[in-house]
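One structure below.
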Amino acid sequence: MPELPEVETTRRGVAPLVTGHVVTEMIVRNHRLRIPVSKSLPSLIIGQRLQQVQRRAKYLYFCFSNGTLIWHLGMSGSMRVNMASSTPAKHDHIDLVFDNGQCLRYRDPRRFGLVAWTSSPPSAHKLISHLGPEPWDTLFTGAYLHKKARGRKIAVKNFIMDGKIVVGVGNIYASESLHMAGINPRRAASRISLDRYQRLCGTVQTVLDGAIAKGGTTLKDFAGTDGKPGYFSQELLVYGRADEPCQQCGATIKQLVIGQRSSFYCPSCQQ
DNA sequence: CCGGACGCCTGTCGGC
DNA sequence: TGCCGACAGGCGTCCG
């Protein structure tokens, strides 16, 4: 489910309901996520006051005075906040209950998500330390992309989905930002000019900003913490639109597989 | 170092 | 209707 805009939508939904409150209970119904949930996690967190909910890449940080809970939603994870009473559904693996009666509930059918604890700065954690800049970081420029792409034969779509290059660009928004920048997704990363990388930088930001403003993209079942879908789905220009006319030029949008992932582009305006 | 394939899981959808 | 393969928003690892 979640790329950066969906994770940010989740953060914005969760944060105001639980920030500043003390964890009174932590229930782990299924420990078997991508990384097994540590059995000692509840004892570290219960009694601690949640200071902030932050985001880095597609990770959420739940910041306590004694450490940070690093939480990734994987492919199918989502969070809802409700008053602690409703009976958990099938894939509701974790509850965090707070002293204001709110229950943060994590659902993840495919269990590609993970929860990890660190008492060091999270940026030093193994999951985080190798990650590239955020898309809005001043480091993330056309010149930066151009330099990183030197000598690389990888398709540009895979290149911008590589978290070591820039974080947060997943399969949907990679197709979208390349379309908006007029770049063919299969083009070798090293064969794209500085000019076009500058343009791509901007479209990555524009697409992600737009998606965050709409509460993310719902393809099948993503919902914000209020249960409402993300409305950016309606604004997708190429993703999921194979055989439809391109809204820019009228040519037929094509679907192909790049790096084992579905990709969508307009063969006429993306060269 | 690089690029590509694969695996982790479950659910859903389309074709036969 | 039922079965079976393909595919789905991520990402770490392994192999050539």
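Per chain, numbering begins at 1; letters A, B, ... match sequence-line order.
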When you measure from the side chain of A/Arg49 to the backbone of A/Gly20, do you find a donor-acceptor pair of N or O atoms at a distance under 3.5 Å? yes
Just the rounded figure in Å: distance from P of C/dG12 to NZ of A/Lys126. 9 Å
Strictly distance-based, threshold 3.5 Å: is any side-chain N or O of A/Arg55 a donor or acceptor partner for the main-chain N or O of A/Ala57? yes
For the residue pair A/Tyr59 and A/His72, categorise the inter-ring angle as parallel (less than 30°), tilted (30 to 60°) or perpendicular (more than 60°). perpendicular
What is the nucleic acid contact for A/Tyr239, judged by heavy atoms within less than 4.0 Å: base, sugar-phosphate only, or nothing? sugar-phosphate
Can you check whether A/His91 has a side-chain N or O nearer than 4.0 Å to OP1 or OP2 of B/dT10? no
Determine yes or no for a side-chain-to-main-chain donor-acceptor pair under 3.5 angstrom, with A/Thr68 supplying the side chain and A/Ile70 the backbone. no
With a non-hydrogen cut-off below 4.0 angstrom, is A/Lys164 in contact with a base, only sugar-phosphate, or nothing? nothing
Whole-Å C1' distance, B/dG3 and C/dG9: 23 Å
Check: A/Arg110 side chain, B/dC9 base, donor-acceptor under 3.5 Å: yes
Using whole Å, report how far CZ of A/Arg32 lies from P of B/dC8. 12 Å
Ignoring hydrogens and geometry, is there a side-chain-to-backbone donor-acceptor pair from A/Gln48 to A/Val22 under 3.5 Å? no
Side chain of A/Asn171, heavy atoms from C-beta onward: which of B/dG3, B/dG4, C/dG10 has the nearest atom to it? C/dG10
From CZ of A/Arg152 across to C1' of B/dC1 the rounded distance in Å is 9 Å
At under 4.0 Å between heavy atoms, what does A/Tyr59 touch on the DNA or RNA strands: base, sugar-phosphate, or nothing? sugar-phosphate
For C/dG10, take OP1 and OP2 only and decide whether either is under 4.0 Å from a side-chain N or O of A/Lys58. yes
A/Lys157 NZ - B/dG3 C1' separation (whole Å): 15 Å
Take atom CG of A/Asp108 and atom P of B/dT10, then tell me their distance rounded to the nearest Å. 11 Å
Closest to the side chain of A/Gln260, out of C/dA8, B/dG11, B/dG4, is B/dG4
Would one find a side-chain N or O of A/Arg261 under 4.0 angstrom from OP1 or OP2 of C/dG10? yes
Identify whether a stacking contact exists between A/Phe112 and B/dC8, where the ring centres must be under 5.5 Å apart and the planes under 30° apart. yes
Can you tell me if the side-chain N/O atoms of A/Ser76 get under 4.0 Å from OP1 or OP2 in C/dA8? no
Output the single nucleotide from B/dT10, C/dA8, C/dC11 whose closest atom is nearest the side chain of A/Arg111. B/dT10
Taking only the P atom of each, what is the distance from B/dC9 to C/dC14 in whole angstrom? 16 Å
